[in-house]
There are 2 protein chains.
Amino acid sequence: MARRSDHSREEIREMALEAAEKLIAEEGSKALSARKLASAIGYTVGTLYLVFENLDDLILQVNARTLDRLHARMLEALAPLDDPTERILMLGHSYIAFADAHPHHWELVFEHRLPPEKEPPQWYKDKVRRMFALVETELEPLAAGRGSKAITQAAAALWSGVHGICILAISKQLDVAGVDSVQDLTHSLMSNYLKGFVG
Amino acid sequence: MARRSDHSREEIREMALEAAEKLIAEEGSKALSARKLASAIGYTVGTLYLVFENLDDLILQVNARTLDRLHARMLEALAPLDDPTERILMLGHSYIAFADAHPHHWELVFEHRLPPEKEPPQWYKDKVRRMFALVETELEPLAAGRGSKAITQAAAALWSGVHGICILAISKQLDVAGVDSVQDLTHSLMSNYLKGFVG
DNA sequence: GCACAACACTGAACGATGTTCAATATAATT
DNA sequence: AATTATATTGAACATCGTTCAGTGTTGTGC
């Protein structure tokens with residue numbers, strides 16, 4: 001064997017990420033393995049390690065793409081809305097809808113742990129930060145006169161809260177709690193918090 | 001080798017669970033392996049499989065004990081308080097404090113996934129349900145006249161929200177968001193939600 | 001005190017995992 | 001055509017969860 005330049009490094013990288021996403025979407029993150037992934041793109045394990053540092057690195061790239069997609073989806077959902085309250089509620093709803101549509105991908109974003117003491121790279125942290133920033137921006141019109149500290153905290157509280165609902169919903173623990181509609185629950189959390197926050 | 005009745009099955013079970021808890025607390029759940037665990041209690045792998053169905057089963061037992069400890073801790077924290085608002089805020093605070101004190105154990109409760117389509121046993125679901133129930137009970141005095149449906153939903157929203165903070169805090173993503181105090185954030189989430197909910 | 005049955009326990013074996021790297025086959029260059 | 005450079009391989013290693021035929025220990029009945 002040993003073909004040469006059938007695909008550039010970039011092409012292989014893209015093929016691998018797409019194959020990984022397909023595997024994860026269809027069978028969950030536990031089904032992802034180096035050999036399976038390699039054979040899915042018609043290469044062998046060794047080649048994967050030319051393109052990615054290791055599987056942790058590959059998963060980080062997959063998660064980055066998931067975060068990008070959610071971010072894009074949220075901006076899209078925001079576009080047609082004007083009312084500040086509607087806009088911020090929409091952030092929560094589109095988050096939940098996204099996680100519901102891609103549960104395995106979303107699980108992976110929060111299940112995946114780097115080896116201890118090894119921090120995610122800055123570019124990845126920025127993608128996470130961007131989510132909180134989105135909420136902060138939408139919160140501003142509703143928090144007239146509040147300091148930026150208060151807005152940061154409120155955004156973190158809202159985002160964390162919606163995130164918690166998300167996690168529990170994916171792992172089916174909200175059924176146990178007697179919740180019938182996850183979207184209603186999200187609405188309850190956000191609107192009541194905002195009522196309290198805005199005053 | 002092949003000792004007989006040095007320890008009863010129950011004793012071995014207890015030893016294994018304690019050793020597992022020690023390993024998890026000190027090195028995180030990734031450090032847990034059947035061989036390591038077996039040698040920690042002076043037995044071999046085979047013996048573990050006499051006492052537990054498999055590692056998933058063992059982890060479920062560990063998680064059950066973690067849930068029990070948190071539940072007990074919450075009841076303890078509640079005991080000296082009378083004011084309904086104080087009591088419910090305390091639930092959130094003691095939850096966060098517990099997760100902060102035992103991050104690896106708490107991570108495991110939410111990272112661990114059974115094989116797809118395999119549900120956790122009823123006794124385990126009950127332990128989860130009990131947490132929500134605790135919040136519902138404390139919510140009742142604050143929700144005079146509200147239907148049990150509304151209380152259930154509010155409890156789920158509060159618990160999910162605090163849980164979300166918990167998860168993000170453990171995975172260090174709240175630092176990224178510019179949050180300085182997790183306990184303050186929890187207080188913000190709960191008190192603002194309650195302000196909105198109670199009216 | 002002895003044989004035997006019942007049981008506790010072992011550890012080699014299996015297939016899978018992530019990761020490495022000497023060997024090899026192909027392309028580019030001379 | 002010969003040589004160099006490099007893209008790709010796949011066998012090898014340590015480790016994983018899990019199984020189960022075999023071995024050693026104990027309690028029972030004679």
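Proteins get letters first, then strands, A, B, ... in listed order; numbering begins at 1 in each.
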Would you say a side-chain N or O of B:Ser33 is under 4.0 Å from OP1 or OP2 of D:dT15?
no
Does this structure show an ion pair linking B:Lys36 with B:Glu26, if we count only N-O contacts that are shorter than 4.0 Å?
no
When you measure from the side chain of B:Leu55, which nucleotide among C:dG18, C:dT10, D:dG17 comes out closest?
D:dG17
Distance check: side-chain N/O of A:Tyr49 vs OP1/OP2 of C:dT19, anything under 4.0 Å?
yes
Would a 4.5 Å heavy-atom cut-off, applied to side chains only, mark B:Arg65 and B:Glu18 as touching?
yes
Between P of C:dG18 and CD1 of A:Ile59, the distance in whole Å:
9 Å
Over 60° means perpendicular and under 30° means parallel, so tell me whether A:Phe110 and A:Trp106 are parallel, tilted or perpendicular.
perpendicular
Taken to the nearest whole Å, CZ/A:Arg9 to P/D:dT6 is 11 Å
Of all the nucleotides listed (D:dA12, C:dA13, D:dT19), which has the minimum atom distance to the side chain of A:Arg35?
D:dA12
Do A:Leu37 and A:Leu58 have side chains that approach each other closer than 4.5 Å (heavy atoms only, starting at C-beta)?
yes
Find out whether B:Leu91 and B:Trp159 are in side-chain contact, i.e. whether some heavy atom of one side chain is under 4.5 Å from a heavy atom of the other.
no
I want to confirm an ordering. Mapping A:Ala31 and B:Gly46 to their closest nucleotides on DNA chain C, which one lands closer to the 5' end?
B:Gly46
Length of the CZ-P vector between A:Arg13 and D:dT8, whole Å:
16 Å
Per nearest nucleotide of DNA chain C, the residue lying toward the 5' end, A:Lys36 or A:Glu53, is A:Lys36
With a 4.0 Å cut-off on N to O distance, would you call A:Glu119 and B:Lys172 a salt bridge?
no
Would you mind telling me which of D:dG17, C:dG11, C:dT19 lies closest to the side-chain atoms of B:Val45?
C:dG11
How long is the line joining CG of A:Asp6 and P of D:dT6, in whole Å?
18 Å
Looking only at the side chain of A:Ile12 (C-beta and beyond, no hydrogens), which of the listed nucleotides D:dT8, C:dT17, D:dT18 gets closest?
D:dT8
Could you give the CD1-to-P distance, from B:Ile41 to C:dA8, as a whole number of Å?
15 Å
Using a 4.0 Å heavy-atom cut-off, does B:Leu32 contact any base of the nucleic acid, only the sugar-phosphate backbone, or nothing at all?
sugar-phosphate
In whole angstroms, how far is the P atom of D:dT8 from the NE2 atom of A:His7?
9 Å
Looking at C:dC9, D:dG17, D:dT9, which one has an atom nearest to any side-chain atom of A:Thr47?
D:dT9
What is the distance, rounded to the nearest whole Å, between atom CG of A:Leu23 and atom C1' of C:dT17?
15 Å
Ranking D:dG10, C:dT19, C:dC9 by distance to the side chain of B:Leu50, first place goes to C:dC9
Closest approach to the side chain of B:Ala34, judged atom by atom: which nucleotide of D:dT8, D:dG17, C:dC9 is it?
D:dG17
For A:Leu58, report the nucleic acid contact type (base, sugar-phosphate, nothing); a contact means any heavy atom under 4.0 Å.
nothing
Rounded to the nearest Å, what distance is computed from the CG atom of residue A:Leu37 to the P atom of nucleotide C:dT17?
12 Å
